[in-house]
Enquirer: 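The structure follows.
Each ligand, and each atom within it, is numbered from 1 in the order the structure gives. This chain uses plain numbering: 1 for the first residue, then up along the sequence.
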Amino acid sequence: MIPVTKTYLPPLEEYTAYLEKIWKSGWITNNGPLVIELEEKLKEYFEVKHLFLTSNGTIAIQIAIKSLGITKEIITTPFSYVATTTSVLWENCKPVFVDIDKKTFCIDPSKIEEKITGSTEAILATHVYGIPCNVEKIEKIARKHNLKIIYDAAHSFGTIYRNKQLAHYGDVSTLSFHATKLFHTIEGGAIIVHDDVLAETIKLYRSFGHIGNNYYTMGINGKNSEVHAAMGLCMLSRVPELIEKRKELYEVYTSLLNPQKISIPSVPEGTLYNYSYYPVLLENEEKLNYVTNALKNNNIIPRRYFYPSLNQLPYLNKVDSCAVSEDYSSRVLCLPLYNDLAINDVKRIIGIINKIL
Ligand SMILES: Cc1ncc(COP(=O)(O)O)c(C=O)c1O
């Protein structure tokens, strides 16, 4: 079976060497030495002053919203994983959806200002598939209207935009280190922030809101453990090699899939992309179903990332429609892309698709 993605696992002996250290020290969670080591290494990697590991990428978004003191409306993208929207809802804020750009599939900045009201406090945008949002335009709008910017950078590990790590942009960026991601800690995530005061607030919220016996605020448990950090430490040095391998497969797809029948999101100029997904936009949903079934008949399992368009989630009360996102969600499919996927398998997938379209 060829799944849409497969977790990369480092050599077992490397991981067990860390486990032996953990067993010896008996320190398994609560900001242990491996969590601190990984945080330090990731700060260097991203060239940022503050980075906090979290238990996952969803709690990272929630802590970001809470720490910024946002309680009302958040402008957000309808084209992302469901956690982007549910984090807004869990924080009792109102998601206000702005449609996406036809080329990058990220939020369309030209449509943001018309959705700003007196209650708008932030923009929460996703660098979807690791492709940069239009960070310059978003920044301009946010500064003009005094809004905070949170980037859901869950897919962005390793993407560089205009000589800076993509996760560097915004007031806060959140990452997911889930096992399906390019860089992972089995479960996990991180919050990147630049402001010192905000960093202290985030740290407090991540650990129940208390330091020792002093209770400062109503926090949550967003920490991560030593066994998770150990996986991250095994993964980090491999990131360039993992990106290189994905690039190779990505380029095979791009060079051989029929461009008359399929389009892919464009990566803006100035980007060194991380090649974390291979999404294809088919002509319509019927074609998507053909392709899905043909691949499934060959034991190849693509995935409808992202479907449905988040403004159409069944538990939302009346929200505006987003024509581009709804259209794209109905006909976008992610094809298999992972480290040990063979080039011949990619060619086989392409052959099946080109034949039936
Ligand atoms: C865009 C996006 N945001 C947030 C998340 C949530 O991350 P996690 O699964 O680590 O909670 C994901 C997860 O897959 C995601 O794709």
Enquirer: Answer yes or no: does atom CD of E269 have more than 12 heavy-atom neighbours from other residues, nucleotides or ligands under 6.0 Å?
Expert: no

Enquirer: Find out whether R304 and L333 are in side-chain contact, i.e. whether some heavy atom of one side chain is under 4.5 Å from a heavy atom of the other.
Expert: yes

Enquirer: For G188, is the nearest heavy atom under 4.0 Å from an atom of ligand 1?
Expert: yes

Enquirer: Any idea which protein heavy atom is nearest atom 16 (O) of ligand 1, and the distance to it?
Expert: H155 NE2, 2.8 Å

Enquirer: To check your reading of the model: name the closest protein heavy atom to atom 14 (O) of ligand 1, its residue, and the distance in Å.
Expert: K181 NZ, 2.6 Å

Enquirer: Measure the distances from the heavy atoms of S80 to every atom of ligand 1 and state whether one is below 4.0 angstrom.
Expert: yes

Enquirer: Below 30° counts as parallel, above 60° as perpendicular, anything between as tilted: where do the rings of H168 and H194 land?
Expert: parallel

Enquirer: Could you list the atoms of ligand 1 found under 4.0 angstrom from a heavy atom of N56?
Expert: 10 (O), 11 (O)

Enquirer: Any N/O of S176 closer than 3.5 Å to an N/O of ligand 1?
Expert: yes

Enquirer: Please list the nearest protein heavy atom to atom 11 (O) of ligand 1 with its residue and the distance rounded to 0.1 Å.
Expert: T58 OG1, 2.5 Å

Enquirer: Could you label the plane-to-plane angle of the F306 and H155 rings as parallel, tilted or perpendicular, counting under 30° as parallel and over 60° as perpendicular?
Expert: parallel

Enquirer: What residue and heavy atom of the protein are closest to atom 4 (C) of ligand 1, and at what distance?
Expert: D152 OD2, 3.5 Å

Enquirer: Between T126 and ligand 1, is there a nitrogen or oxygen pair with a distance under 3.5 Å?
Expert: no

Enquirer: Can Y8 and H184 be said to form a ring pair (Phe, Tyr, Trp, His ring centres under 6.0 Å), step by step?
Expert: CA-CA 8 Å; Y8 175 82; H184 75 92; 7.6 Å; no

Enquirer: Within the structure, does H178 bring an N/O atom to less than 3.5 angstrom of an N/O atom in ligand 1?
Expert: no

Enquirer: Ignoring angles and geometry beyond distance, decide whether E187 reaches within less than 3.5 Å of ligand 1 through its nitrogen or oxygen atoms.
Expert: no

Enquirer: Determine, for F157 and K181, whether the Lys NZ or Arg CZ falls below 6.0 Å from the six-membered ring centre while staying within 45 degrees of the axis.
Expert: no

Enquirer: For side-chain contact (heavy atoms from CB on, under 4.5 Å), just list the numbers for T85 and V88, CA-CA rounded to whole Å, side-chain angles, deciding distance to a tenth of an Å, and then say yes or no.
Expert: CA-CA 5 Å; T85 299; V88 174; 5.5 Å; no

Enquirer: Before accepting this row, confirm whether a basic side-chain N of the pair K115/E73 lies closer than 4.0 Å to the acidic partner's carboxylate O.
Expert: no

Enquirer: Other residues, nucleotides and ligands only: do more than 12 of their heavy atoms fall within 6.0 Å of OH on Y277?
Expert: yes

Enquirer: If I apply the N/O under 3.5 Å rule, does A83 come out as touching ligand 1?
Expert: no

Enquirer: Among all the protein's non-hydrogen atoms, which is closest to atom 12 (C) of ligand 1, and how far away is it?
Expert: Y81 CD2, 3.5 Å

